[in-house]
> 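Sharing a structure here in structure tokens format.
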Amino acid sequence: MTGGSNKTFYVTTPIYYVNDKPHTGHAYTTIACDVLARFKRLDGYRVKFLTGTDEHGQKVAKAAAEKGISPQAFTDEVSKTFSDLTETLDVTNDDFIRTTEDRHTKACQALWIRIAEKTAPDGKPWIVLDKYSGWYSVRDEAYHTEDELTKGPDETKLAPNGNPVEWVEEESYFFRLSAAEPLLLEYYDAHSDFIAPKSRRNEVTSFVKGGLRDLSISRTTFDWGVPVPGNDKHVMYVWIDALTNYITAAGYPDEKTADYKAFWPADLHMIGKDIIRFHCVYWPAFLLAAGLPLPKRIFAHGWWTIEGQKMSKSLGNAIDPNALIEAYGLDQLRYFLLREVPFGNDGDFSKTALIQRANGELANEFGNLSQRVLSMINKNCNAKVPMPGDFSDEDAELLNAAASMLEPVREAIDRQAFHEALEVIWTVVRAANAYVDKQAPWILRKEDPARMGTVLYVLTDVIRLLALVMQPFTPHACEDILDQLAIPFDSRNFEAFAPGHAPVPGEDLPKPEPVFQRLEMPETE
RNA sequence: GGCGGAGUAGCUCAGUUGGUUAGAGCAGCGGAAUCAUAAUCCGCGUGUCGGGAGUUCAAAUCUCUCCUCCGCUACCA
């Protein structure tokens, strides 16, 4: 391998809020990050891939109370369903953080103190103690602004949904987000790749340009959270708590460790488009205030509809990823999620679309390419890597296409353009199948066995390169293919794209087996 | 309302420093092949490039205008 590589890559999923059960949306984010993490490892990077659970806040406290158990017991239970998901998705996260861990409490409090000690460009402190007041609906657990309110029959004020509201005042610490406005705009301007896709970047900048209000960052009405240092009547607002996880896991507040130096700032925060503001405005503002480096990039992906319908709790159509893996296979699910839709766009998840992709592209084009070639070798070359003769122009052309796909794939991956990466790979898959038909090794078998050996040799090398580069997407099938090609484990990273790693003629090959099962299309629909 | 994005073949989309007959995949139709998971390969598109107007020798690509759809427009997370 690349021992001692100084290239590092730190990628994070959001920490998932334990008020929800894991569904396909969570699986999507996590799988996307896993593909990146696997890709970067194969490409010689030292990778840190973080996921975890967000466990504080009023909703959690309330949900626990309703179940009659402690918040900690409740979060232990739900957090486990998320850590279990990393197992069933066979995701290669290096850490799983829980916001109820001690390391995290320490990091949050250290960050709070650090911000509180600093002053904004206007010379005033970033954090001030004041009062939060407004029209509060107990039923909605939400504040409403004056202009949102409607009047009831007897002139009482009502929330937009008709629930009663009352005027409340609550002591609260405020983060002076307004003072961060010019700093943020300057930062966005200087770092054009900070927020992706571009349309999200536009949204964020226009939001910030519209003026920022100071942010209430502590609560006194419940206690399930990280205590504010020096005033434990207050717990931190869940978002300041949650966002901090990204530096907790890097070792903060100990900034001296090798890990912290290697991994912070993170290379990428992957998020869903629902939490853009928290990641693209609040989090950078907190870090700017603290004088800490900002993450290099934040990518907001889209949503899946399910068979054309919005995924929602009320429709009850959220899909348990475990059921999908059971029904279609993990590699197939991973591939579908990243191939079907340009990453960043919304997409529709349908069973027939998944089956068509899995059958047409994985089983037929890619899997069968491997199977048809290895099967011929098994039957006609004594089950050994054949001895190649001189390469024809067509041989060289195909080999070159395969060897040179890594660069554009890498470039697409660096933009999180998974679908583009897969399209690049598929041009080689298709070229390889066309090559098989054109060369017709089954005819060469009788007419020119030596040439058949060359053709099959070229194909084993092309299949090897395809399996190598597809490992991040469909790791299990690729492992099987590489096993069938008798590729040593230390030649399964991207260094093996360089000359000198091709299959060794004469090497014994095992009997090939299909690596992607064909899926049954449902009778109706 | 304001800001932003989008409207290209049946479907999903690519294509904008303006320039040969506007592309890909899928689906469909026809053919070939039979090594392989009945898996593959080859061929086939008269599309108002949302409508209209304008600039230009030349516009999907620039300008104006209209229509439609989507996102954002803050403190549940």
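Chain naming here is simple, since letters A, B, ... match the order of the sequence lines and numbering starts at 1 in each. Heavy atoms only: backbone and side chains are in, while hydrogens, waters and symmetry mates are out.
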> Using the P atom on both, measure rA39(B) against rU46(B) and round to a whole Å.
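About 30 Å, rounded to a whole number of Å.
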> C1' atom, rC62(B) versus rA32(B): distance in rounded Å?
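After rounding to an integer number of Å, I get 48 Å for this pair.
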> Rounding to the closest angstrom, what is the interatomic distance between rG23(B) and rA9(B) at atom P?
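About 14 Å, rounded to a whole number of Å.
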> Taking H26(A) for its side chain and H23(A) for its backbone only, find out whether a donor-acceptor pair lies under 3.5 Å.
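Yes; judged by distance alone, with no hydrogens or angles, the pair exists.
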> Could you tell me the separation between the CZ atom of F175(A) and the P atom of rC75(B), rounded to a whole number of Å?
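Atom CZ in F175(A) sits about 18 Å away from atom P in rC75(B).
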> To the side chain of F278(A), which of rC72(B), rC75(B), rA77(B) is closest?
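Selected nucleotide (nearest to the side chain): rA77(B).
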> Checking ring-ring contact (aromatic ring centres under 6.0 Å, His included) against F175(A), which of W126(A), Y237(A), W112(A) comes through?
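For F175(A), the ring-ring contact (aromatic ring centres under 6.0 Å, His included) test succeeds with only one of W126(A), Y237(A), W112(A), which is W126(A).
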> Provide the Watson-Crick or G-U wobble partner of rC76(B), both distances under 3.5 Å; none if there is no partner.
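Checking every strand shown, rC76(B) finds no partner, since no pair has both distances under 3.5 Å.
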> Just one of F286(A), Y246(A), F194(A) clears the ring-ring contact (aromatic ring centres under 6.0 Å, His included) bar with H279(A), so which one?
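Only one of F286(A), Y246(A), F194(A) forms a ring-ring contact (aromatic ring centres under 6.0 Å, His included) with H279(A), namely Y246(A).
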> Could you state the atom-to-atom distance from NE2 of H301(A) to P of rG71(B) in whole Å?
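Going from H301(A) (NE2) to rG71(B) (P), I get 16 Å.
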> Over how many whole Å does the gap from L177(A) atom CG to rA74(B) atom C1' extend?
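Taking atom C1' of rA74(B) as the reference, CG of L177(A) is at 9 Å.
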> Distance between the P atoms of rU63(B) and rG5(B), in whole angstroms?
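Roughly 12 Å separates the two P atoms.
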> Starting at NZ of K62(A) and ending at C1' of rA77(B), how long is that distance when rounded to a whole Å?
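Rounded to whole Å, this separation is 14 Å.
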> Whole angstrom is fine here: how far is it from CZ in R339(A) over to P in rC13(B)?
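Going from CZ in R339(A) over to P in rC13(B) covers 12 Å.
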> Select one nucleotide: of rG71(B), rA77(B), rC76(B), the one nearest the side-chain heavy atoms of K59(A).
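Nearest to the side chain of K59(A) among the choices is rC76(B).
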> Pairing check on rU16(B): which nucleotide meets the Watson-Crick or G-U wobble criteria with it, both distances under 3.5 Å?
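Partner of rU16(B): none.
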> Is the backbone of Q72(A) close enough, under 3.5 Å, to the side chain of T75(A) for a donor and an acceptor to pair up by distance?
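Flag set: sc T75(A) to bb Q72(A) pair under 3.5 Å.
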> Between rA77(B), rA74(B), rC72(B), spot the one nearest the side chain of R219(A), thanks.
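Nucleotide nearest to R219(A)'s side chain: rA77(B).
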> In whole angstrom, give me the gap between the P atoms of rG15(B) and rA24(B).
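Going atom to atom, P in each nucleotide, I get 15 Å.
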> For rG25(B), give the paired nucleotide (Watson-Crick: N1-N3 plus N6-O4 or O6-N4; G-U: N1-O2 and O6-N3; both under 3.5 Å), or none.
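rC11(B) is the nucleotide pairing with rG25(B).
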> Can you tell me how far C1' of rC41(B) sits from CG of L459(A), to the nearest Å?
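Atom-to-atom, L459(A) to rC41(B), this comes out as 14 Å.
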> For rU46(B), give its Watson-Crick or G-U wobble partner with both distances under 3.5 Å, or none.
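Base-paired to nothing in any strand shown.
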> Taking a pair as Watson-Crick or G-U wobble with both distances under 3.5 Å, which nucleotide is matched to rC62(B)?
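Across any shown strand, rC62(B) pairs with rG54(B).
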> Base, sugar-phosphate, or nothing for R200(A), non-hydrogen atoms under 4.0 angstrom?
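Sugar-phosphate, no base atom in range.
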> Using heavy-atom distances to pick each residue's nearest nucleotide on RNA chain B, tell me which of D346(A) and R430(A) is more 5'.
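Its nucleotide being nearer the 5' end, the pick is D346(A).
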> Between rC26(B) atom P and L422(A) atom CG, what is the distance in whole Å?
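Result: 15 Å.
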> Could you check whether D241(A) gets within reach of a base, just the sugar-phosphate, or nothing at all, counting any heavy atom under 4.0 Å?
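Nothing: the residue D241(A), judged by heavy atoms under 4.0 Å, touches no strand.
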> Taking the C1' atom in each of rA60(B) and rU48(B), what is the distance between them to the nearest angstrom?
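Comparing C1' positions in rA60(B) and rU48(B) gives a spacing of 12 Å.
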> For atom P, what is the distance between rG50(B) and rG7(B), given to the nearest Å?
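Here rG50(B) and rG7(B) have their P atoms 7 Å from each other.
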> What's Y17(A) touching, base or sugar-phosphate or nothing? Going by heavy atoms closer than 4.0 Å.
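Sugar-phosphate, no base atom in range.
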> When both hydrogen-bonding distances must be under 3.5 Å and the geometry is Watson-Crick or G-U wobble, what is rU37(B) paired with, if anything?
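WC or wobble partner does not exist here.
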> Could you please name the partner base of rA6(B), counting Watson-Crick and G-U wobble pairs only when both distances are under 3.5 Å?
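Check on rA6(B): paired to rU68(B), both distances under 3.5 Å.
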> Quick check against the 3.5 Å criterion: does D241(A) have a side-chain atom that pairs as donor or acceptor with the backbone of V238(A)?
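No; zero donor-acceptor contacts below 3.5 Å.
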> Under 4.0 Å, heavy atoms only, any strand: does G272(A) hit a base, just the sugar-phosphate, or nothing?
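Contact class for G272(A): none.
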> Is there a donor-acceptor contact under 3.5 Å from the side chain of W224(A) to the main chain of K59(A)?
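Not at all, since once roles are kept as given, no pair shorter than 3.5 Å links the two residues.
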> If the cut-off is 4.0 Å, is Y16(A) near the phosphate of rA77(B), judged by side-chain N/O to OP1 or OP2?
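Indeed not, no polar side-chain atom of Y16(A) lies that close.
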> Quick one: which residue pairs count as a side chain to side chain donor-acceptor pair (under 3.5 Å) with a foot in residues 205-215 of chain A, not counting sequence neighbours?
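For residues 205-215 of chain A: S178(A)-D214(A).
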> Would you indicate what W239(A) reaches in the nucleic acid, counting non-hydrogen atoms under 4.0 angstrom: base, sugar-phosphate, or nothing?
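Since a base atom lies under 4.0 Å of W239(A), the category is base.
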> Would you check if the distance from the ring center of W303(A) to the ring center of Y28(A) is below 6.0 Å?
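Between Y28(A) and W303(A), which both carry aromatic rings, the centre distance is not below 6.0 Å.
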> Could you check, using the six-membered ring where one of them is a Trp, whether Y282(A) and W239(A) have ring centers closer than 6.0 angstrom?
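That pair fails the under 6.0 Å test.
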> Using a cut-off of 4.0 Å on non-hydrogen atoms, how would the nucleic acid contact of I275(A) be classed: base, sugar-phosphate, or nothing?
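Here I275(A) touches no strand at all.
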> How would you label the contact of S206(A) with the nucleic acid (heavy atoms, under 4.0 Å): base, sugar-phosphate, or nothing?
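Sugar-phosphate, no base atom in range.
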> Using atom C1' of each nucleotide, how far apart are rC11(B) and rA27(B) to the nearest Å?
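The same atom, C1', in both gives a distance of 7 Å.
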> Using atom names, set out every protein N or O paired with an N or O of nucleotides 33-37 of chain B below 3.5 Å, distance rounded to 0.1 Å.
| unit_1 | atom_1 | unit_2 | atom_2 | d |
| --- | --- | --- | --- | --- |
| rC35(B) | O2' | R372(A) | O | 3.4 |
| rC35(B) | O2 | R372(A) | NE | 3.2 |
| rC35(B) | N3 | R372(A) | NE | 3.4 |
| rC35(B) | N3 | R372(A) | NH2 | 2.6 |
| rC35(B) | N4 | R372(A) | NH2 | 3.0 |
| rA36(B) | OP1 | K379(A) | NZ | 2.5 |
| rA36(B) | O2' | N368(A) | OD1 | 2.4 |
| rA36(B) | N3 | N368(A) | ND2 | 3.0 |
| rA36(B) | N3 | R372(A) | NE | 3.3 |
| rU37(B) | O2 | F516(A) | O | 3.4 |
| rU37(B) | N3 | F516(A) | O | 2.6 |
| rU37(B) | O4 | V515(A) | N | 3.3 |
| rU37(B) | O4 | F516(A) | N | 3.2 |
| rU37(B) | O4 | F516(A) | O | 3.4 |

> Taking the side chain of A434(A) as heavy atoms from C-beta outward, which of rA74(B), rC3(B), rC42(B) is closest to it?
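Closest nucleotide among those given: rC42(B).
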> Whole angstrom is fine here: how far is it from OH in Y132(A) over to P in rC76(B)?
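So the OH-P distance, Y132(A) to rC76(B), works out to 7 Å.
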> Verify the ring-centre separation between F336(A) and F349(A): is it less than 6.0 angstrom?
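Here the rings of F336(A) and F349(A) have centres that are less than 6.0 Å from each other.
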